[in-house]
K.L.:
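Below you'll find the structure I mean.
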Amino acid sequence: MAPALRYLSGACGRARGGFPGGFSVACRPAQARPWPLCQGFRRASTRSFDVIIIGGGIVGLASARALILRHPALSIGVLEKEKDLAVHQTGHNSGVIHSGIYYKPESLKAKLCVQGAALIYEYCNQKGISYKQCGKLIVAVEQEEIPRLQALYERGLQNGVQGLRLIQQEDIKKKEPYCRGLMAIDCPYTGIVDYRQVALSFAQDFQEAGGFVLTNFEVKGIEMAKESPSGSKDGAKYPIVIRNTKGEEVQCQYVVTCAGLYSDRISELSGCNPDPQIVPFRGDYLLLKPEKRYLVKGNIYPVPDSRFPFLGVHFTPRMDGSIWLGPNAVLAFKREGYKPFDFSARDVMDVIIKRGPAGVRAQALDRDGNLVEDFVFDGGVGAIGSHILHVRNAPSPAATSSLAISGMIADEVQQRFKL
């Protein structure tokens, strides 16, 4: 088990029931459709859960699914601030199923990506979710790129990536007739999928197993429960109180936060150190004209430059048949800033007080302004800290790795809480 997860402690019990108040409860979704919502909400005598997951993106939903499938007797809830699930990072990515070739051997990122890719393919096969294992070429177009390409090939072999080959110009043309290069890595295990569809399928599994999804619940506070004047034991049995922006609350024994773009802010609510801090960079894509889509068959990537933490502008086919070219990386002035002029003063102030390299996609920065390139898991401090696990940084390829990440989290919860 990764040392970073050793913050967990405590024990989970049981709770049953629904929740009063005005927040929404997501209904079971139809296969491959946008997540529908109940018009009302469930009413019952309790609002307590054994486990709460904050964040309805692919990592949060995968984690909720893993926990309830292993522990069906527990009451588990997911809190999501939007009215729908998986609408931010999960719904705004290129949809690539990464093979794990790029990442440092023995790193958590490399291990989880290789394992996660296999699990995603297996899951899609089981659920009938469409995907395309269209492969990827990483192409050297200059002589000076060839040593980097060969080193990347060796790294992929160390990471256990399946089917890698170094190919020459003639074989490049056979794979991609309109691509020109001196040498390439043929990575046939890379694929594409609609990750939002995958995430909604995770949510469906979770609800069918007895879990609850609460949408329109934007978390504003996480604190220890206080004894009620009536002598209720809820504060002792469910020591964590989570409040939303409307003043509604739920109680639980244990919290896992998977808040994506807001992971640092949610972590701070439980007294965590503000580092690493999330810095939002927007990546823009271009689209090939429909009549030009024949030019690209699979993913085509450049040889990455080790001076930069992103993979370079590349061609990516999509499940709808379109071809994307990109992304660039520009500082976003809002954490959910998908349009060029979206702006949030708070998000800008959070960014400009941190040092970091210019012109790169930074998902998290430590206190010295260094990029945080791997997954970061953290616990809170004090009494509340023994009941919380924060996923502080889940960079690309988090969608590919989601099932592997969720398995690791579920393992640690089981071990620490003696479930």
Side-chain angles (χ1 to χ4, degrees), residues 93-105 109-110 113-114 116-118 120-121 124 130-194 283-329 361 396-397 399-400:
N93 62 65
S94 62
V96 174
I97 302 173
H98 291 279
S99 65
I101 189 173
Y102 294 104
Y103 315 114
K104 182 179 178 181
K109 184 184 283 192
C113 183
V114 172
I120 284 289
Y121 281 129
C124 289
S130 297
Y131 66 88
K132 296 178 183 177
Q133 194 171 325
C134 53
K136 176 200 294 185
L137 289 185
I138 305 171
V139 184
V141 296
E142 304 287 350
Q143 285 290 340
E144 56 264 29
E145 293 178 328
I146 290 178
R148 299 206 312 269
L149 184 77
Q150 292 172 326
L152 184 62
Y153 171 74
E154 293 298 329
R155 171 173 283 195
L157 294 179
Q158 291 180 59
N159 288 342
V161 178
Q162 299 182 27
L164 292 182
R165 295 189 304 150
L166 274 175
I167 61 176
Q168 306 299 322
Q169 296 182 48
E170 184 177 341
D171 287 327
I172 292 174
K173 289 182 181 180
K174 290 179 181 178
K175 297 283 291 188
E176 292 283 355
Y178 299 95
C179 177
R180 298 293 180 265
L182 302 177
M183 183 183 292
I185 298 173
D186 177 16
C187 188
Y189 202 59
T190 300
I192 56 173
V193 74
D194 181 342
D284 296 314
Y285 287 86
L286 299 175
L287 288 173
L288 285 189
K289 294 179 178 179
E291 62 269 25
K292 298 295 184 181
R293 290 176 182 173
Y294 70 90
L295 294 172
V296 177
K297 291 186 175 181
N299 294 279
I300 304 176
Y301 280 59
V303 179
D305 190 328
S306 60
R307 296 174 298 172
F308 305 110
F310 53 89
L311 303 180
V313 173
H314 48 269
F315 290 96
T316 298
R318 300 279 293 173
M319 291 300 297
D320 63 4
S322 63
I323 305 292
W324 288 12
L325 172 62
N328 63 352
R361 187 191 310 276
S396 177
T400 299

K.L.:
Is a side-chain donor or acceptor of Asn159 paired with a backbone partner of Tyr103 at a separation under 3.5 angstrom?
P.N.:
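It does hold such a pair.
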
K.L.:
Is there a side chain to side chain contact (heavy atoms under 4.5 Å, CB included) between Lys173 and Arg180? Walk through the geometry before answering.
P.N.:
CA-CA 7 Å; Lys173 289 182 181 180; Arg180 298 293 180 265; 4.0 Å; yes

K.L.:
Output the distance between atom NE2 (His98) and atom CG (Asn299), rounded to the nearest 0.5 Å.
P.N.:
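Going from the NE2 atom of His98 to the CG atom of Asn299 covers 8.5 Å.
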
K.L.:
Restricting to non-hydrogen atoms, name the atom on Trp324 and the atom on Asn93 that form the minimum distance, rounded to 0.1 Å.
P.N.:
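Heavy atoms of Trp324 and Asn93 come nearest at CZ3-O, 3.8 Å.
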
K.L.:
Within the distance-only criterion (no hydrogens, no angle test), does the side chain of Arg293 pair as donor or acceptor with the backbone N or O of Leu288 below 3.5 angstrom?
P.N.:
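Between the backbone of Leu288 and the side chain of Arg293 there is no qualifying donor-acceptor contact (under 3.5 Å).
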
K.L.:
Checking Arg165 side chain against Cys187 main chain: does a donor-acceptor pair fall under 3.5 Å?
P.N.:
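Pair absent, no side-chain N/O of Arg165 close to backbone of Cys187.
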
K.L.:
Looking at side-chain heavy atoms only, is the closest gap between Leu325 and Val313 below 4.5 Å?
P.N.:
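Yes. Closest side-chain heavy atoms under 4.5 Å.
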
K.L.:
Can you say whether the rings of Tyr178 and Tyr294 are parallel (under 30°), tilted (30 to 60°) or perpendicular (over 60°)?
P.N.:
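The rings of Tyr178 and Tyr294 stand perpendicular, inter-plane angle above 60°.
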
K.L.:
Is the shortest side-chain heavy-atom distance between Tyr301 and Val139 below 4.5 Å?
P.N.:
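Sidechains of Val139 and Tyr301: no contact.
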
K.L.:
Using 0.5 Å steps for rounding, measure from the CG atom of Leu182 to the CD1 atom of Ile172.
P.N.:
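So the CG of Leu182 and the CD1 of Ile172 are separated by 7.5 Å.
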
K.L.:
Is the shortest side-chain heavy-atom distance between Lys297 and Lys175 below 4.5 Å?
P.N.:
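Lys297 vs Lys175: side chains apart.
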
K.L.:
Rounded to the nearest 0.5 Å, what's the gap from CD1 on Ile101 to SG on Cys113? Could you check?
P.N.:
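Ile101 CD1 to Cys113 SG: 10.5 Å, rounded to 0.5 Å.
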
K.L.:
Determine whether a donor-acceptor pair (N or O, by modelled atom type, separation under 3.5 Å) exists between the side chain of Glu176 and the backbone of Ile300.
P.N.:
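Pair absent, no side-chain N/O of Glu176 close to backbone of Ile300.
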
K.L.:
Are Val96 and Thr190 packed together at the side-chain level, in the sense that at least one heavy-atom pair is separated by less than 4.5 angstrom?
P.N.:
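Answer yes - side chains close enough.
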
K.L.:
Looking at Tyr121 and Gly191, would you say the former's side chain and the latter's main chain have a donor-acceptor pair under 3.5 Å?
P.N.:
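Answer holds: yes.
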
K.L.:
Side chain to side chain contact (heavy atoms under 4.5 Å, CB included), that's the test. Do Glu144 and Glu142 meet it? Break it down for me.
P.N.:
CA-CA 5 Å; Glu144 56 264 29; Glu142 304 287 350; 3.7 Å; yes

K.L.:
Identify, with sequence neighbours excluded, every residue that meets side chain to side chain donor-acceptor pair (under 3.5 Å) alongside Ser130.
P.N.:
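Checked Ser130 against side chain to side chain donor-acceptor pair (under 3.5 Å); zero matches.
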
K.L.:
Starting at CG of Leu164, measure out to CD1 of Ile138 and round the result to the nearest 0.5 Å.
P.N.:
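Answer for the CG-CD1 pair, Leu164 versus Ile138, is 8.0 Å.
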
K.L.:
Quick one: pull up CG in Asp186 and CD1 in Ile167 and give me the separation to the nearest 0.5 Å.
P.N.:
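The CD1 atom of Ile167 is 5.0 Å from CG of Asp186, to the nearest 0.5 Å.
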
K.L.:
Can any side-chain N or O of Arg318 pair as donor or acceptor with the backbone N or O of Ser94 at less than 3.5 Å?
P.N.:
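Present.
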
K.L.:
Begin with the C-alpha distance, continue with both residues' side-chain angles, and end with the deciding distance and a verdict on side chain to side chain contact (heavy atoms under 4.5 Å, CB included) for Lys109 and Lys104.
P.N.:
CA-CA 8 Å; Lys109 184 184 283 192; Lys104 182 179 178 181; over 6 Å; no

